[in-house]
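Since the structure comes first, as structure tokens, the remarks are kept for the end.
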Amino acid sequence: ITHVSLANNHSNDHGRNAVDGSKDFLSSQGIVAMEHFWKTGSIYEIQGNGNRIGIIALNFVDKSMGRADESIAITADEIPALIARIKEQRDSFAHLIVTVHWGENYGLWPNAMQLRLAREFAGAGVSAVVGHHPHNIQSVEDIDGVPVVYSLGSFCFENKSPFTRLGQIVVLECATNSVSLVDHQYISVGKDYRIREELSWAQRRTIILTDAQPSRARNYLFVRTVRIWILFVSLFRTLRAGKLGRYLVWVRHRYAGTEA
């Protein structure tokens, strides 16, 4: 790991001193701490196949446990100015890659804001967009040759849900004129923070669900909701008819060796 983004909704939870302390620690380990481009104007340069590649770190999530007197997110009104600043920097690099904290917590597919911003970034000349924050893997889209990974899921996250212990690592290949998504690997992180190769059934279902188009995912959830509702109605009618009580009495006598 050579670069880590600090542009997220928890970076300021413990104030500016903690942010500076995190930067100092990462620097001592040879890791570049990337701060919010909108707040600092910083673009972080790497070399790829002899090309200058700039990385921009952004945050659109303002729900923080930290101080309320310092906004850490880009607002809707600031988006046009942000896009203009990105366009100004585009010609200074062979490629600009955006790593962006956005979306809804635990969302299974990108929301309207993510879809809109992805197209704004592509129109501004960005070569690739890599998203995070929802803690769930979300779909991947190609917008006019620009790969957009809406959410990487979780890389290292302490949560009981099997869905939020699932993440993905993506591989981007930077050619002279384009950036391509050439590979991605699903990972499952256990409580010991070690990557597990075996994925649970719930995690496999998450991959199947979020690899699909958002409309297919919504249809899947709609069908599941209808099935649960039908089961609930059937159970309610059984209770009203008084049949459930008689059935449970029969089961008790059956397994006790006598039949009612």
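Start at 1 with the first residue, then count along the sequence. Because the structure is a prediction, the values reported are computed rather than measured.
Ring-plane geometry between H132 and H101 is classed as tilted, the angle between the planes lying from 30 to 60 degrees on a 0 to 90 degree scale.
Side chain of W102 to main chain of Y150: a donor-acceptor pair is present (N/O by atom type, distance under 3.5 Å, no hydrogens or angles). Between the T40 side chain and the H36 main chain, a donor and an acceptor come within less than 3.5 Å of each other. Put simply, the side chain of N136 gets close to the backbone of Y106: a donor and an acceptor are under 3.5 Å apart. The backbone N or O of A7 lies less than 3.5 Å from no partner atom in the side chain of S11, so there is not a single donor-acceptor pair. With hydrogens and angles disregarded, a donor-acceptor distance shorter than 3.5 Å links the side chain of R119 to the backbone of L115. A donor-acceptor pair is defined here as one N or O able to donate and one able to accept, closer than 3.5 Å; no such pair exists between the side chain of N51 and the backbone of I53.
Rounding to the nearest 0.5 Å places NE2 of H14 at 9.0 Å from OG of S22. Note that the NE2 atom of H133 and the CG atom of N105 stand 4.0 Å from one another [nearest 0.5 Å]. Here the OG atom belonging to S151 is positioned 11.5 Å from the CD atom belonging to E104, to the nearest 0.5 angstrom. Atom-to-atom distance recorded for E141:CD and L181:CG is 12.5 Å, nearest 0.5 angstrom. Here the CD1-CG distance, from I74 to D62, works out to 11.0 Å after rounding to the nearest 0.5 Å.
Under a hydrophobic clustering in which Ile, Leu, Val, Met, Phe, Trp and Tyr are joined whenever their side-chain heavy atoms come within less than 4.5 Å, directly or via other members, L6 and F37 fall into different clusters. L26 and M34 are not part of a single hydrophobic cluster, where members link through side-chain heavy atoms under 4.5 Å apart. By the rule that hydrophobic residues join a cluster once side-chain heavy atoms approach within less than 4.5 Å of another member, V4 and I43 end up as members of separate clusters. Both V130 and Y44 are assigned to one and the same hydrophobic cluster, defined by single-linkage of ILVMFWY side chains at heavy-atom distances under 4.5 Å. Note on V32: it clusters hydrophobically with I46, by side-chain heavy-atom contacts below 4.5 Å among ILVMFWY residues.
Under the rule for a salt bridge (Lys or Arg N to Asp or Glu O under 4.0 Å), the partners of R116 that lie at least two apart in sequence or sit in another chain are E120. S180 is linked by a side chain to side chain contact (heavy atoms under 4.5 Å, CB included) to S178, V182, counting only residues two or more places apart in sequence or in another chain.
Surrounding CG of D24 are more than 12 heavy atoms belonging to other residues, nucleotides or ligands, all under 6.0 Å away.
Looking only at side-chain heavy atoms (C-beta outward), I86 and I56 come within less than 4.5 Å of each other. For the pair L58/F121, a side-chain contact is recorded, criterion being any heavy-atom separation below 4.5 Å from C-beta on.
Closest non-hydrogen pair, A124 versus I83, comes out as CB-CG2, 3.9 Å. In plain terms, the two heavy atoms of V100 and V129 that are nearest each other are CG1-CG1, 3.8 Å. Taking all atoms of both residues into account, the shortest heavy-atom contact from S92 to R52 is O-NH1, 2.6 Å. Minimum heavy-atom separation, P80 to D77: CD-O, 3.5 Å. Considering every non-hydrogen atom in both R85 and G41, the closest pair reads NH2-CA, 3.4 Å.
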Q | Criterion side chain to side chain contact (heavy atoms under 4.5 Å, CB included) on D183 and V170, from CA distance to verdict | A | CA-CA 6 Å; D183 191 20; V170 298; over 6 Å; no
Q | Criterion side chain to side chain contact (heavy atoms under 4.5 Å, CB included) on S127 and R90, from CA distance to verdict | A | CA-CA 10 Å; S127 299; R90 176 62 188 88; 4.0 Å; yes
**Q.** Full working for side chain to side chain contact (heavy atoms under 4.5 Å, CB included) between F60 and L82
**A.** CA-CA 12 Å; F60 287 87; L82 168 68; 3.8 Å; yes
Q: Test side chain to side chain donor-acceptor pair (under 3.5 Å) on Q114 and Q138 and set out the steps.
A: CA-CA 11 Å; Q114 288 170 274; Q138 292 183 346; 3.1 Å; yes
Q: Could you give me the CA-CA distance, side-chain angles and deciding distance for E35 and V19, then say whether side chain to side chain contact (heavy atoms under 4.5 Å, CB included) is met?
A: CA-CA 10 Å; E35 291 199 86; V19 175; 4.2 Å; yes
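Between K39 and E78 there is no salt bridge, since no side-chain N of the basic residue sits under 4.0 Å from a carboxylate O of the acidic one.
If you check the side chains of H135 and S154, you find a donor sitting under 3.5 Å from an acceptor.
Grouped with F25 in a hydrophobic cluster is no other residue, since no side-chain heavy-atom contact under 4.5 Å to another Ile, Leu, Val, Met, Phe, Trp or Tyr is found.
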